[in-house]
Every structure is written in C-alpha cells, then in structure tokens.
Amino acid sequence: NKNDLIDISRLMSKGYSLQDALKIIGNYDFILEELSKGNSILNFIQLDKKNTFYKTLSFFLKISSFDQAIMSAYEYDEFKKNLRKNWTKEISYPLLLVGFTCAVYIFFEGFIYPQLQSLVIHQQSFLLHSLLINVFRILLLSIILIFIFILIYFLFILKNDKYYQMFYDLIKNIKIFRKILSYDYATHSLVLMKRGLSTKQVFDSLLLLKNNQLY
C-alpha cells in the first residue's frame with residue numbers, strides 16, 4: 001500500500017536493500033520469496049489509475065529508480081493536496097456569497113414579492129425587480145451548467161481516454177486552463193529537479209506525460 005511504499009523508499013534512501021526494507025516493514029514474506037526467484041517488485045504494485053498517487057507513480061517509474069520514483073510521487077501528491085486545500089480556502093468565501101445571494105433571491109421571490117405585487121397596481125414599479133430577477137436567473141443557470149459540466153467531466157471524460165483527449169484539445173487554448181496546466185507542468189519539473197535531473201532530462205521526461213502535446 002501507499003504508506004508502506006513510502007516507508008520502503010525512505011529505508012532504501014538510508015542504504016537498506018529492498019529485501020531488508022520489506023523485512024523491516026513486515027507482512028511481505030510472499031513478495032520476498034518471489035523476489036528471491038528473480039521477479040520484479042513492480043509485479044506486486046497495483047497501479048490504480050483512479051488513485052492520483054499510483055497514477056503519478058507510474059509516470060515516475062519510467063524515469064527514476066524504484067525508491068526515488070516513490071518519493072517523487074509522494075512529494076507530487078502532497079503538493080497537489082496542499083494546492084487543493086488552498087484553492088478550497090480561496091473559493092469558499094465567494095461560493096458562500098453566491099449561496100447567500102441565491103437564498104435571499106428565493107426568499108424574496110417566494111415571500112416578499114407576491115405581497116408587494118398585490119399592493120401595487122402599475123407593473124412599471126417593478127422594473128428594477130424584473131432586472132434583478134433576470135440577473136439572478138442567469139446566475140443560477142450558470143451555477144447549474146457548471147455543476148453539470150463538472151459531473152460530466154468526472155463521470156465520462158476522466159474515465160475515457162478518447163473523450164479525455166478531445167476535452168483537452170478543446171480547452172487547451174483557454175487562458176485559465178493553460179495556467180492550470182502550466183502549474184502542473186511546473187510541479188512535475190520541480191519534483192524531477194529535486195531528484196537531480198538536468199533541465200534537458202526534465203523536458204525529455206515530461207514528454208512521457210499523458211497528453212504531452214499540451215506541454
């Protein structure tokens with residue numbers, strides 16, 4: 001599992017062999033037996049494509065030693081987790097404002113406006129209200145469309161390589177997505193450079209990434 005792999009990598013970086021590291025971790029007698037027969041440790045690592053850590057590990061295993069690939073995947077995974085936490089903090093306040101605005105709109109539309117309308121004869125008095133109604137409707141529609149888009153992305157696009165490629169071909173020229181991709185590119189580069197790779201080696205390695213034409 002992920003935690004044991006990280007511990008094995010740390011032990012190997014301290015000079016322990018893979019076999020010794022497995023003995024220290026324990027519960028891997030079967031793998032030790034298979035390794036003694038000449039089998040590779042990679043045969044016993046299930047690279048789960050749905051898990052970010054294992055997906056990243058499969059990339060780093062192509063260009064690094066076993067122990068370095070694990071630590072690179074771990075560092076990259078932790079960096080992205082911290083990044084997501086920061087993004088969540090940044091967008092939580094705007095989302096709270098949007099939610100509060102929608103709640104006020106629903107309350108006003110459901111309880112206040114019908115009573116005001118019954119008191120006023122001329123509809124011209126409600127031009128401002130009509131404008132606000134249209135603005136809020138557009139806002140709500142935008143939120144619904146964004147939610148549907150995110151749902152489609154996670155249910156269909158992310159799980160199908162064909163749609164995944166088409167999706168990135170579609171958005172690759174949009175400025176905000178290019179910034180996100182460049183940040184991901186920089187994160188990979190940073191982790192690789194910490195492993196001691198030269199700039200040329202880093203660029204050559206990044207060509208192995210999925211959808212490499214974007215980079």
Side-chain angles (χ1 to χ4, degrees), residues 1-88 151 153-168 180-181 183-215:
N1 60 55
K2 175 183 174 181
N3 293 330
D4 284 350
L5 281 173
I6 294 167
D7 288 338
I8 290 168
S9 175
R10 286 171 174 160
L11 287 168
M12 292 178 70
S13 67
K14 297 295 182 182
Y16 291 90
S17 67
L18 174 59
Q19 286 80 357
D20 288 338
L22 287 167
K23 289 176 183 176
I24 293 171
I25 299 297
N27 300 321
Y28 289 108
D29 293 337
F30 169 73
I31 294 179
L32 282 168
E33 184 180 340
E34 292 299 314
L35 290 177
S36 66
K37 296 177 182 178
N39 290 319
S40 171
I41 184 65
L42 300 181
N43 295 333
F44 306 100
I45 301 176
Q46 186 174 356
L47 299 174
D48 185 0
K49 292 183 178 181
K50 296 180 181 179
N51 188 303
T52 306
F53 172 79
Y54 292 104
K55 185 178 180 180
T56 308
L57 178 59
S58 64
F59 164 71
F60 284 112
L61 281 171
K62 298 175 184 177
I63 55 177
S64 303
S65 62
F66 178 70
D67 57 318
Q68 287 189 348
I70 294 170
M71 289 311 298
S72 295
Y74 171 71
E75 291 172 8
Y76 177 84
D77 199 42
E78 289 298 304
F79 190 89
K80 293 299 285 285
K81 282 181 181 178
N82 290 331
L83 188 63
R84 282 193 291 269
K85 287 180 181 177
N86 291 333
W87 282 351
T88 303
L151 192 65
Y153 177 79
F154 281 103
L155 290 180
F156 301 102
I157 296 176
L158 198 61
K159 296 182 179 181
N160 189 299
D161 289 340
K162 179 183 176 182
Y163 294 137
Y164 190 74
Q165 185 60 55
M166 289 172 59
F167 170 75
Y168 273 99
I180 293 172
L181 287 169
Y183 205 80
D184 189 53
Y185 160 84
T187 307
H188 275 96
S189 302
L190 177 65
V191 173
L192 290 170
M193 287 178 178
K194 288 178 70 176
R195 299 274 80 82
L197 273 71
S198 67
T199 305
K200 184 180 184 305
Q201 288 174 318
V202 169
F203 281 112
D204 289 341
S205 301
L206 289 170
L207 291 174
L208 299 173
L209 280 170
K210 191 175 183 180
N211 302 299
N212 58 70
Q213 67 273 15
L214 295 176
Y215 299 96

Cation-pi check for Phe60 against Arg195: NZ or CZ below 6.0 Å from the six-membered ring centre and within 45 degrees of the axis, yes or no?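 So Arg195 doesn't make the cation-pi contact.
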
Asn27 atom CG: more than 12 heavy-atom contacts under 6.0 Å: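 No - once you tally the heavy atoms of other residues, nucleotides and ligands closer than 6.0 Å, there are 12 at most.
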
Would you say Phe66 has more than 12 foreign heavy atoms packed within less than 6.0 Å of its CZ?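 Yes, enclosed.
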
With sequence neighbours excluded, what pairs up with Lys62 under the side chain to side chain contact (heavy atoms under 4.5 Å, CB included) test?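 Side chain to side chain contact (heavy atoms under 4.5 Å, CB included) check on Lys62 returns Leu208.
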
Which pair of non-hydrogen atoms, one from Ala69 and one from Ser64, has the smallest distance, and what is that distance?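 Result for this residue pair: N-CB, 3.9 Å.
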
Mind listing the closest non-hydrogen atom pair of Leu206 and Ser189 along with its distance?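 Heavy atoms of Leu206 and Ser189 come nearest at CD1-OG, 3.4 Å.
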
At what distance, to the nearest 0.5 angstrom, does [atom1] of [X] lie from [atom2] of [Y]?
X     : Y     : atom1 : atom2 : result
Leu18 : Ser9  : CG    : OG    : 10.5 Å
Gln19 : Met12 : CD    : CE    : 8.5 Å
Leu35 : Ser40 : CG    : OG    : 7.5 Å
Asp67 : Leu5  : CG    : CG    : 11.5 Å
Tyr76 : Phe59 : OH    : CZ    : 9.0 Å
Met71 : Ile8  : CE    : CD1   : 12.5 Å

If we only count heavy atoms from C-beta on, is the Gln201 to Leu192 side-chain gap below 4.5 Å?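 Not touching, per the 4.5 Å side-chain cut-off.
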
What class does the angle between the rings of Phe203 and Tyr185 fall in, given that below 30° is parallel, 30 to 60° is tilted and above 60° is perpendicular?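 Tilted.
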
